[in-house]
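The structure appears right after this line, and notes come after that.
Whatever order the structure lists ligands and atoms in, that order sets their numbers, starting from 1.
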Amino acid sequence: MKIGFIGYGSMAEALASRWVGHHDIVIGGRNVDKARALAEQLGHNTHWGREPDAVVDIDVVVLATTHQSVFEAMDAAGGPSAFDGRTLIDINNPVPGAFDGEFLNSNYDGLSLAEKIAGYAANAQVVKAFNMCQASVWKMQPPVFDGRKLVVLHCGGDEAATARAVELIELFGCDHVDIGELKYARLLEAAASIVIKLLFSGRDPHTVLNLIQPEVKVR
Ligand SMILES: NC(=O)c1ccc[n+]([C@@H]2O[C@H](COP(=O)([O-])OP(=O)(O)OC[C@H]3O[C@@H](n4cnc5c(N)ncnc54)[C@H](OP(=O)(O)O)[C@@H]3O)[C@@H](O)[C@H]2O)c1
């Protein structure tokens, strides 16, 4: 696969580090020097450029700017039609007030950011994934906690795009659970807000999210 990243920050670095060597990577963004620095750090003939370079002739585009700049960055990449036929992985958590103690995630007329992205790039196949854990978790090799593999939740609804996302999740050595159509990104974004609140308040999310599998009775 050819994977383009729009953005070269912590998440781009963490995700691309795991996929490089398995797939062709292009790092693109508004500052070519920063894109080049990450590409050179990644090695394996990783290419770099501006936003369009992360989209043209690319199979999977990862939207890895700040959540506030997603649409500006997509405009810079060439606008809605530039994403036609692409698998678009939305990793963003729209929690604009986190540093001010406000953890409610933004919604977009009742929709998630992922759905808003799908509305913008109508001929792309959007998958929400990788938003539930911080960059340092994606740098773990592999992400295993108390002997248990990390389970990556994702949603989207398009079969081919989901298969690509699953292939990329598996490169982390993680399990994966498809929680359904893209509308379930509303839950993933809200769930990430809770996780972020726990992390910002110094609480260990493990102590909150440990659950016991109920006995399922078949009627
Ligand atoms: N960090 C995490 O642990 C984590 C975990 C899960 C999800 N996420 C989500 O992943 C996304 C990326 O997070 P991150 O931690 O990787 O961010 P980051 O390290 O702060 O990097 C932000 C990236 O966005 C670019 N950017 C900022 N404003 C821009 C604009 N107006 N136009 C174009 N590009 C712009 C930055 O480029 P410049 O350097 O040129 O400003 C940089 O490449 C966020 O939406 C976040 O919610 C983060």
Side-chain angles (χ1 to χ4, degrees), residues 3-19 25-42 46 48-55 60-79 82-83 88-100 102-108 112-117 120 126-140 143 150-155 165 168-169 172 174 185-202 205 209:
I3 304 172
F5 283 84
I6 305 182
Y8 30 66
S10 314
M11 283 294 281
E13 181 197 356
L15 298 177
S17 300
R18 189 54 60 91
W19 299 337
I25 307 281
V26 180
I27 306 293
R30 62 180 176 174
N31 182 321
V32 179
D33 291 335
K34 289 187 184 180
R36 176 186 184 149
L38 177 56
E40 289 183 346
Q41 178 190 320
L42 293 167
T46 297
W48 68 86
R50 298 192 65 87
E51 291 91 336
D53 297 299
V55 176
V60 175
V61 179
V62 182
L63 297 171
T65 63
T66 58
H67 69 88
Q68 293 95 335
S69 49
V70 163
F71 296 105
E72 194 182 328
M74 292 175 83
D75 284 345
F83 296 89
L88 209 44
I89 299 188
D90 170 27
I91 64 169
N92 296 280
N93 286 321
V95 192
F99 287 100
D100 302 316
E102 173 54 68
F103 295 94
L104 270 184
N105 57 295
S106 306
N107 78 74
Y108 304 81
S112 60
L113 175 57
E115 292 168 285
K116 179 91 178 165
I117 290 167
Y120 173 102
V126 179
V127 177
K128 185 101 198 176
F130 303 106
N131 71 310
M132 291 286 292
C133 296
Q134 70 264 48
S136 49
V137 169
W138 301 117
K139 287 189 143 187
M140 291 172 69
L150 178 69
V151 178
V152 180
L153 306 179
H154 59 91
C155 65
L168 295 174
I169 291 168
F172 283 89
C174 294
R186 296 173 214 171
L187 302 185
L188 285 186
E189 290 174 14
S193 300
I194 296 288
V195 170
I196 292 167
K197 184 172 171 66
L198 290 169
L199 292 171
F200 272 54
S201 59
L209 299 176

Taking a 3.5 Å cut-off between nitrogen or oxygen atoms, can you list every pair linking ligand 1 to the protein, with distances?
| unit_1 | atom_1 | unit_2 | atom_2 | d |
| --- | --- | --- | --- | --- |
| ligand 1 | 3 (O) | Ala135 | N | 2.7 |
| ligand 1 | 16 (O) | Ser10 | N | 3.2 |
| ligand 1 | 16 (O) | Met11 | N | 2.8 |
| ligand 1 | 19 (O) | Ser10 | N | 2.9 |
| ligand 1 | 19 (O) | Ser10 | OG | 3.2 |
| ligand 1 | 24 (O) | Thr66 | N | 3.1 |
| ligand 1 | 28 (N) | Arg30 | NH2 | 3.3 |
| ligand 1 | 28 (N) | Ser69 | OG | 3.4 |
| ligand 1 | 31 (N) | Arg30 | NH1 | 3.3 |
| ligand 1 | 31 (N) | Glu72 | OE1 | 3.4 |
| ligand 1 | 31 (N) | Glu72 | OE2 | 3.4 |
| ligand 1 | 37 (O) | Tyr8 | OH | 3.4 |
| ligand 1 | 39 (O) | Lys34 | NZ | 2.7 |
| ligand 1 | 40 (O) | Tyr8 | OH | 2.6 |
| ligand 1 | 40 (O) | Arg30 | NE | 3.2 |
| ligand 1 | 41 (O) | Arg30 | NH2 | 2.7 |
| ligand 1 | 43 (O) | Tyr8 | N | 3.0 |
| ligand 1 | 45 (O) | Thr65 | O | 3.3 |
| ligand 1 | 45 (O) | His67 | N | 3.2 |
| ligand 1 | 45 (O) | Asn92 | OD1 | 2.5 |
| ligand 1 | 47 (O) | Asn93 | N | 3.0 |
| ligand 1 | 47 (O) | Asn93 | O | 3.4 |

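- In this model, no donor atom of one side chain and acceptor atom of the other lie less than 3.5 Å apart for Asp33 and Tyr8.
- Pairs of residues two or more places apart, or lying in two chains, that qualify as salt bridge (charged side-chain N to carboxylate O under 4.0 Å, His left out) and include a residue from residues 9-19 are Glu13-Lys139.
- For Tyr108, there are no ring-ring contact (aromatic ring centres under 6.0 Å, His included) partners, not counting sequence neighbours.
- Using bins of under 30°, 30° to 60° and over 60° for the plane-to-plane angle, the ring pair Trp138/Phe130 lands in the perpendicular bin.
- Between the side chains of Ser69 and Glu72, no donor-acceptor pair is found at a separation under 3.5 Å.
- Residues that satisfy the ring-ring contact (aromatic ring centres under 6.0 Å, His included) test with Trp48, not counting sequence neighbours, are absent from this structure.
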